[in-house]
Amino acid sequence: VMAERTVAAIAFLVTALPLVFIALRFRAGRNLEVISGYNPDRIRDKVGFGRFVGNQLLVMAGLVLAMAPVLLLADDRVAVWATLGMVALMQVPVLRLVLGTSRFHRK
């Protein structure tokens with residue numbers, strides 16, 4: 001039976017992979033229509049918009065990916081604090097997405 005931490009580390013890796021894939025697609029200007037509220041007629045800089053959203057998703061994926069080795073290698077106390085830190089840091093790209101996309105809209 002796999003240890004709980006190993007299962008959690010694998011779950012973090014599996015979670016991060018599609019985030020990286022989607023982020024790279026957005027950065028390339030592809031599939032932007034799946035972004036909630038995206039209206040191509042209202043976006044003045046589609047390339048910049050895709051890059052911005054993709055970059056924020058890459059930050060989120062990086063945070064999730066960084067948790068896998070922490071769970072596998074760190075003791076319980078470090079793992080708990082690292083998890084709390086990841087959750088706290090995850091708020092930065094989330095808030096940037098919520099507050100930053102409006103700068104790409106036409107006035």
Side-chain angles (χ1 to χ4, degrees):
V1 177
M2 275 197 244
E4 290 86 359
R5 282 185 174 218
T6 303
V7 171
I10 292 169
F12 278 124
L13 292 173
V14 170
T15 300
L17 289 177
L19 277 175
V20 170
F21 176 75
I22 293 166
L24 294 175
R25 304 262 315 163
F26 289 166
R27 285 182 45 80
R30 302 179 78 177
N31 302 111
L32 298 179
E33 69 278 358
V34 302
I35 299 170
S36 179
Y38 176 75
N39 180 345
D41 297 332
R42 294 195 58 220
I43 301 295
R44 62 178 169 75
D45 178 8
K46 291 177 183 70
V47 172
F49 179 79
R51 219 177 13 245
F52 175 77
V53 173
N55 286 341
Q56 301 316 304
L57 287 179
L58 283 175
V59 169
M60 294 167 78
L63 288 167
V64 172
L65 273 173
M67 283 305 300
V70 169
L71 288 179
L72 291 174
L73 303 173
D75 64 32
D76 287 348
R77 184 182 157 127
V78 171
V80 167
W81 284 105
T83 302
L84 290 172
M86 181 204 63
V87 170
L89 286 172
M90 191 70 74
Q91 305 317 302
V92 174
V94 168
L95 287 171
R96 290 202 67 199
L97 281 170
V98 170
L99 301 174
T101 56
S102 63
R103 72 177 189 219
F104 296 96
H105 288 111
R106 290 195 166 104
K107 302 291 179 204

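In what follows, residues are counted from 1 in the order of the sequence shown. As the structure is a computational prediction, the values presented were derived from the model and not from experiment.
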Please output the side-chain donor-acceptor pairs of residues 27-36 that fall under 3.5 Å, not counting sequence neighbours, one pair per line with the distance.
from  : atom 1 : to    : atom 2 : distance (Å)
Arg27 : NH1    : Asn55 : OD1    : 2.4
Asn31 : OD1    : Arg25 : NE     : 2.7
Asn31 : OD1    : Arg25 : NH2    : 2.8

Could you list the donor-acceptor pairs under 3.5 angstrom formed by side chains in residues 70-86, with sequence neighbours left out?
from  : atom 1 : to    : atom 2 : distance (Å)
Asp75 : OD1    : Arg77 : N      : 3.2
Asp75 : OD1    : Val78 : N      : 2.9
Asp76 : OD1    : Arg5  : NH2    : 2.6
Thr83 : OG1    : Ala79 : O      : 2.7

Identify every side-chain donor-acceptor pair in residues 61-69 under 3.5 Å, counting partners at least two apart or on other chains, and give the distances.
none

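Scanning for side-chain contact (heavy atoms from CB on, under 4.5 Å) contacts around Asp41 gives Asn39, with sequence neighbours left out. With sequence neighbours left out, the ring-ring contact (aromatic ring centres under 6.0 Å, His included) criterion links Phe49 to Tyr38, Phe104. Val47 meets the side-chain contact (heavy atoms from CB on, under 4.5 Å) test with Asp45, Arg51; sequence neighbours excluded.
Atom CD of residue Gln56 and atom OG1 of residue Thr101 lie 10.0 Å apart, to the nearest 0.5 angstrom. Put simply, CZ on Arg42 and NE2 on His105 are 5.0 Å apart, with the number rounded to the nearest 0.5 Å.
Side-chain heavy atoms closer than 4.5 Å link hydrophobic residues (I, L, V, M, F, W, Y) into clusters, and following such links, even through other members, never connects Val92 to Leu97. Side-chain heavy atoms closer than 4.5 Å link hydrophobic residues (I, L, V, M, F, W, Y) into clusters, and following such links, possibly through other members, connects Leu19 to Val94. Residue Phe21 is grouped with residue Val59 when hydrophobic side chains (ILVMFWY) are merged at heavy-atom distances under 4.5 angstrom, including chains of intermediate members.
Closest of all the heavy-atom pairs between Ile43 and Arg106 is O-NH1, 3.7 Å.
Tested against Ile22 for a side chain to side chain contact (heavy atoms under 4.5 Å, CB included), the candidates Leu58, Leu57, Leu17 yield a single pass: Leu57.
The 12-atom threshold is not exceeded at CD of Glu4, counting heavy atoms of other residues, nucleotides or ligands nearer than 6.0 Å.
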